[in-house]
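Let me begin by presenting the structure, written as structure tokens, before commenting on it.
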Amino acid sequence: MTLKRPLPLPDDQTRGFWEGCGDRELRLLCCEDCGTYIHQPAPMCHACNSTRLDWKRVSGDGALYTWVVVHQAPPAYETPYVVGWIELAEQPGLRILSNVVGCPPAKVQAGMRLRVDFQVLNDEINLPVFRPA
Amino acid sequence: MKGEDLARNRAAITGVGYTPLSRDSGLGVEALALQASLSAIRDAGLAPRDIDGVVSYGVGDSAQVRSVAQALGLEASNWYADLYGGGSFSCLSVANAAMAVALGLCRHVLVYRALNGRSGRRLGRSTSAAMEAVGGAEQFSVPFGQLAPVQSYGMLARRHMIDYGTTTEHFGHVAVTLRANAVRNERAIMRKAITLEDHRESRWIAEPFRLLDCCQETDGACALVVSRSEIARDLPHPPAHVSSFAMGGSGASALSPDKVDDFTTFFPAHIAPGLYARAGIEVGDIDLAALYDAFTFLIIGQLEDFGFCEKGEGGPFVADGQITPEGSIPVGTNGGLLSEGYVHGLNNVLEAVSQLRGDAGVRQLESVEVALASGWGANVGSALVLSR
Ligand SMILES: [Zn+2]
């Protein structure tokens, strides 16, 4: 049996995010009343409690806020790999968890500029990852 | 909001009990729970028929309260609470019992935690990682290989290193100190002393955490009895009074830090002022800190936010020996979760009771009047102030 990384399973709350990734765009929920971006997707804006939220494309530019280099993981995950929080350019504190790829783990640095890229997992799902910009 | 001190010293911990801690208990979780519970009840000078409430916590890996109560043959109960939660619930479970006692519902409440954390269902081993697809919040973590607390807490530690210059050697001082304590603890799983070099040479798990930064997966159970203070005085051991408790937090979440500004302010910063005020103490009155230590860095972060040192000074503080038994605030005198074993935090509460009673044997600190205990998970945590 080949072990594969689990795929994300989109639901009504998150489908817009994964559809965006399918189109090679990073789309996040944005509050129509106050303009706050919300990630991970939630039913309510945490800034103003509005429920009028819609998907909006973001630039995909960001900076690395924190990370770990994973050396021990199940066989489906090829170690070592870098997983961290990337702060997106659109809003202070707007962070997304992802992998930093295209950079040796030892060269990864706090604040390094990153840009989103997409790994094709199957016909429907692209995984958003980040590369040095 | 600091709250009133209506519950101050209305309840006390009067009995404690353990099973042996091991890597393969050979017993089911209910057998472990019963063994520790009976031991705690007898330690309090009581019999099961005296217990009129039971509280426990777990994440689907423990024995259920109702079946433990039935197996012990409890005659009547006013309060059963099976709390679903992890490390942040260790002190919450005791607080829950103390509230039932303080409100007059119960005379003696049993609290236990049992798990086969090594041989059975292992914590932090995401079962989702073996699935084809994951939904819910995990769709944003598991596909990227964030699978376990060692990774999420590792990211908090990394950011603290970036902001304050904390180093992995500081983590090493925590590991070495707690191991030295465990060497003096017959119950501890890890009793071989280690050096900073051993720490530095242990393998990376999720850099910046090495193997020796991680707690010990453990099979075992521990239990305690929370009694009404006025009854507690007539029981065999000096009572450890529950002076105050809290459960809360905000700010940095190890699991979902995407909606917070500050990644390096942890739950104690939010609950400590009220916790101390309700107990009528100041941080300087605390003689022992039984801090939740699933990973070395967690002690550093809590030392700062419980107010034992300045923000950002936790690393140098531990390197200076301040958390050793001779230091300004001894931490993890049992060896903690790092070296005694991981009974999901409740074993650290039991150590605080033991030190307050003065029966910690060769580990006994001089004159412990006030002890702090804590539990931590994601962006929330619970804490207790216990007094002699
Ligand atoms: Zn809004």
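In this text the structure is predicted, and so the values were computed from the model without any measurement. In the text below, chain A, chain B and the rest are named by the order of the sequence lines, each starting its count at 1.
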One option among A/Pro105, A/Ser98, A/Ala110 has the most heavy-atom pairs under 4.5 Å with chain B, and it is A/Ser98

Whatever's closer than 4.5 Å to a heavy atom in chain B on A/Phe17 counts as side chain

Under 4.5 Å to a heavy atom of chain B? For A/Pro80 that would be neither

Q) What is the ring orientation for B/Phe140 with A/His39, classed by angle as parallel under 30°, tilted 30 to 60°, or perpendicular over 60°? A) perpendicular

Tightest non-hydrogen contact, residues A/Gln72 and B/Gln151, listed as O-NE2, 4.2 Å

*Counting only heavy atoms not in A/Lys56, do more than 12 fall under 6.0 Å of its NZ?*
no

Would a 4.5 Å heavy-atom cut-off, applied to side chains only, mark B/Met161 and A/Thr66 as touching?
no

For A/Val70 and B/Gly145 the tightest heavy-atom approach is CG2-O, 4.4 Å

Determine whether more than 12 heavy atoms belonging to other residues, nucleotides or ligands lie under 6.0 Å from atom CD of B/Glu310. no

Residue pair B/Tyr153 / A/Val68, side-chain heavy-atom distance below 4.5 Å:
no

task = May I ask you to check whether over 12 heavy atoms, not counting those of B/Arg23, lie within 6.0 Å of atom CZ?
result = yes

Within residues 7-15 of chain A, contacts to chain B at heavy-atom distances under 4.5 Å involve A/Leu7, A/Pro8, A/Leu9, A/Pro10, A/Asp11, A/Thr14

So, the part of B/Ile162 with a heavy atom under 4.5 Å from chain A: the answer is side chain

_Would B/Met155 and A/Leu97 count as a side-chain contact (heavy atoms from CB on, under 4.5 Å) here? Give the steps._
CA-CA 11 Å; B/Met155 291 195 220; A/Leu97 183 88; 3.8 Å; yes

B/Ser152 side chain near A/Trp85 side chain, heavy-atom distance below 4.5 Å
no

* Decide yes or no on side-chain contact (heavy atoms from CB on, under 4.5 Å) for A/Trp18 and B/Gln139, but give the supporting numbers first. => CA-CA 10 Å; A/Trp18 294 110; B/Gln139 68 190 283; 2.8 Å; yes

Between the CZ atom in A/Arg5 and the CZ atom in B/Phe144, the distance rounded to the nearest 0.5 Å is 9.0 Å

Bottom line for B/Ala157: the part with an atom under 4.5 Å from chain A's heavy atoms is neither

Q) Taking the side chain from B/Arg158 and the backbone from A/Trp67, do they hold a donor-acceptor pair closer than 3.5 Å? A) yes

- request: Compare all side-chain heavy atoms of B/Phe263 with those of A/Arg95 and state whether any distance is below 4.5 angstrom.
  value: yes

